[in-house]
Amino acid sequence: MNYSDDYLRRVLPEQEPPAEHVPPEVDEEIKGWIERDEIESKALIARSTRWTYAIANELRLNQVEVDWRHYPYWPFNDPLQLLRDPLAIGLFDPDTEDKGFGLVLHLPPGTEVIRGHAAEVRFPRLRTTVPLRFREAIYEDHHPIHPALGTSAAWARCDTTGLWGVMTAGHVVRTMGPGRTVPFENGAAGRLMRSCFPHVDCAFVLTDAPPQPPTLLSTRRFAAAGHRVTVECKSGSQPRTVTEVETNMHMVSVRSYDIKVFLDEALSHGDSGALVKTTTNEAVGIYLGALATPAVPTGLAGRALNFEQALYALGVTAYR
């Protein structure tokens with residue numbers, strides 16, 4: 001996706017969502033980063049964040065009405081069944097889809113539904129309606145042939161044992177069980193302590209303690225369309241922009257499913273496990289791989305795991 005602030009400004013609701021329906025923890029986080037983050041359009045990105053999590057919260061509370069009457073085939077017996085599927089909130093691709101900001105339901109290729117605009121979703125308490133569209137999607141893990149070619153996101157320390165290690169993507173060590181040796185690119189080796197793959201794609205690999213005392217790594221839980229991030233690849237930092245987040249992203253204390261953040265462009269094989277962070281060094285996610293859309297085979301988006309969920313799933317504290 002060719003993201004721009006101008007596009008986000010054109011499709012985002014012009015007004016702020018009602019303040020009483022924005023989760024207070026979201027506003028609290030915005031107040032923390034709006035003064036220090038290197039974002040050009042701070043008011044716009046803050047508004048995008050408030051709308052994203054106001055909508056997510058209304059979905060959680062079932063304060064929603066779905067109008068699918070103009071759609072020739074609705075694939076659910078219950079119109080509100082979509083609330084139980086992994087929805088994303090964010091931008092539509094203006095080059096291949098309708099221009100807009102709304103809800104996206106990712107479907108496997110070949111699903112027997114009509115692609116594209118599917119319904120209008122009204123949020124009475126927010127006094128707004130957003131479109132819902134279906135999008136065929138293929139998840140591609142950017143994993144290496146050998147785990148040594150993966151990328152570490154951060155130093156981490158087990159909350160239970162105090163042992164040191166690194167965080168990475170779970171699919172990098174997918175064939176290994178706890179206690180197995182994990183070779184590193186520098187010729188050293190670690191030991192897999194915990195992997196939550198496949199449900200939550202992250203792993204904790206034990207290593208020697210860091211040579212210098214690291215500092216705590218802070219997190220940004222409530223990323224939204226327009227947030228600028230960098231991905232700390234082994235080849236260097238790569239700038240990206242958040243385009244979508246999943247609707248259950250503010251409920252990170254789960255291990256039964258993953259909570260994803262989508263980026264405007266994918267990276268390369270071997271970058272799985274890399275840290276996705278803000279310009280002020282707050283962790284947003286662990287890079288996982290690409291999101292391919294059959295309609296745009298060359299325009300891969302990036303896919304990351306919510307970082308705070310990874311901390312919860314692995315039972316660790318992160319450092320940098």
For this session: Write down the atom of Arg50, the atom of Asp27, and the distance for their closest heavy-atom approach.
Result: NE-OD1, 2.9 Å
Exercise. Got a sec: does the CG of Asp6 have more than 12 other heavy atoms crowding it under 6.0 Å?
Worked result: yes
For this session: Provide the closest heavy-atom pair for Gln309 versus Leu305 in the form atom of the first, atom of the second, distance.
Result: OE1-CD1, 3.3 Å
Exercise. About how many Å separate CD of Glu265 and OH of Tyr3, when rounded to the nearest 0.5 Å?
Worked result: 13.5 Å
Exercise. More than 12 foreign heavy atoms under 6.0 Å from CD of Glu40: is that the case here?
Worked result: no
Problem set entry | side chain to side chain contact (heavy atoms under 4.5 Å, CB included) assessment of Met193 paired with Thr161 | CA-CA 11 Å; Met193 182 172 184; Thr161 66; 3.9 Å; yes
Exercise. What residue among Thr279, Leu263, Asp264 forms side-chain contact (heavy atoms from CB on, under 4.5 Å) with Val229?
Worked result: Leu263
For this session: Look at the side chain of Ser272 and the backbone N and O of Val172, then say whether any donor-acceptor pair between them is shorter than 3.5 Å.
Result: no
Exercise. Is there a donor-acceptor contact under 3.5 Å from the side chain of Arg255 to the main chain of Ala313?
Worked result: yes
Exercise. When you check the gap from the basic side-chain N to the acidic O, do Glu97 and Arg133 get nearer than 4.0 Å?
Worked result: yes
Problem set entry | Side-chain donor-acceptor contact under 3.5 Å, Glu282 with Thr219 | no
Problem set entry | Gap between atom CH2 of Trp33 and atom CD1 of Ile45 - 0.5 Å precision | 7.0 Å
Problem set entry | Sidechain-backbone polar pair: Gln63 side chain, Asn57 backbone, donor-acceptor under 3.5 Å | no
Problem set entry | Closest non-hydrogen atom pair between Ala46 and Ile34, with its separation | CB-CD1, 4.1 Å
Exercise. Under the criterion side-chain contact (heavy atoms from CB on, under 4.5 Å), which of Val261, Val242, Val284, Thr278 is the partner of His227?
Worked result: Val242
Problem set entry | Phe307 side chain reached by Cys202 side chain, heavy atoms, under 4.5 Å | no
Exercise. Just wondering, do Val231 and Asp271 contact through their side chains at under 4.5 Å, heavy atoms?
Worked result: no
Exercise. Is the backbone N or O of Ala266 less than 3.5 Å from a side-chain atom of Tyr287, with the two atoms forming a donor-acceptor pair by type?
Worked result: no
For this session: Mind running side chain to side chain contact (heavy atoms under 4.5 Å, CB included) on Leu103 and Ile55 for me, showing each step along the way?
Result: CA-CA 9 Å; Leu103 300 168; Ile55 288 172; 4.1 Å; yes
Exercise. For Thr247 and Ile89, which heavy atoms make the closest approach, and how far apart are they?
Worked result: CG2-CG1, 3.3 Å
Exercise. Given side chains that start at C-beta, do those of Phe262 and Glu246 come closer than 4.5 Å, heavy atoms only?
Worked result: yes
Exercise. Donor-acceptor pair, Arg157 side chain versus Gly162 backbone, under 3.5 Å?
Worked result: yes
Exercise. Just wondering, do Val276 and Ile286 contact through their side chains at under 4.5 Å, heavy atoms?
Worked result: no
Exercise. Between the side chain of Glu29 and the main-chain N/O of Phe222, is any donor-acceptor distance below 3.5 Å?
Worked result: yes
Exercise. With a 4.5 Å heavy-atom cut-off, do Gln15 and Trp51 have their side chains touching?
Worked result: yes
Problem set entry | Residues Lys260, Asp201: salt bridge by 4.0 Å N-O rule | no
Exercise. Looking at CG of Asp208 and CG of Leu163, how far apart are the two atoms once the value is rounded to the nearest 0.5 Å?
Worked result: 11.0 Å
For this session: Could you tell me which residues satisfy side chain to side chain contact (heavy atoms under 4.5 Å, CB included) with Pro18, sequence neighbours excluded, listed by chain and number?
Result: Glu20, His21, Leu126, Arg127
Exercise. Can you check side chain to side chain contact (heavy atoms under 4.5 Å, CB included) on Glu16 and Val22, steps first, answer last?
Worked result: CA-CA 10 Å; Glu16 293 279 354; Val22 177; over 6 Å; no
Exercise. Are any of the side-chain nitrogens in Glu232 or Arg320 under 4.0 Å away from the carboxylate oxygens of its partner?
Worked result: no
Exercise. Does the side chain to side chain contact (heavy atoms under 4.5 Å, CB included) test come out yes or no for Met1 and Asp93, once each step is laid out?
Worked result: CA-CA 6 Å; Met1 178 188 294; Asp93 189 330; 4.2 Å; yes
For this session: Verify, without hydrogens or angle tests, whether Thr151 (side chain) and Gly270 (backbone) share a donor-acceptor contact under 3.5 angstrom.
Result: yes
Problem set entry | Thr280 vs Glu35 side-chain heavy atoms within contact, under 4.5 Å | no
Problem set entry | Note, Ile259 side chain near Val254 side chain (heavy atom, < 4.5 Å) | yes
Exercise. Hey, does the side chain of Ser48 reach the backbone of Leu44 with a donor-acceptor pair shorter than 3.5 angstrom?
Worked result: no
Exercise. Considering only heavy atoms from C-beta outward, does the side chain of Val205 approach that of Phe184 to under 4.5 Å?
Worked result: yes
Problem set entry | Considering all heavy atoms, the nearest Val11-Phe101 contact | O-CB, 3.7 Å
Exercise. Nearest heavy-atom pair of Thr128 and Pro13: which atoms, and what distance?
Worked result: OG1-CG, 4.4 Å
Exercise. Does Phe204 share a hydrophobic cluster with Tyr312, counting links as ILVMFWY side-chain heavy atoms below 4.5 Å and allowing steps through other members?
Worked result: no
For this session: Look up atom CG in Leu300 and atom CG in Leu267, then write down how far apart they are to the nearest 0.5 Å.
Result: 10.5 Å
Exercise. Same hydrophobic cluster for Trp164 and Leu216, using side-chain heavy-atom links shorter than 4.5 Å among ILVMFWY?
Worked result: yes
Exercise. Atom OH in Tyr7, atom CZ in Phe92: separation rounded to 0.5 Å?
Worked result: 7.5 Å
Problem set entry | Atom CZ of Arg194: over 12 foreign heavy atoms under 6.0 Å | yes
For this session: Working to the nearest 0.5 Å, report the span between CG of Leu311 and CG of Leu217.
Result: 8.0 Å
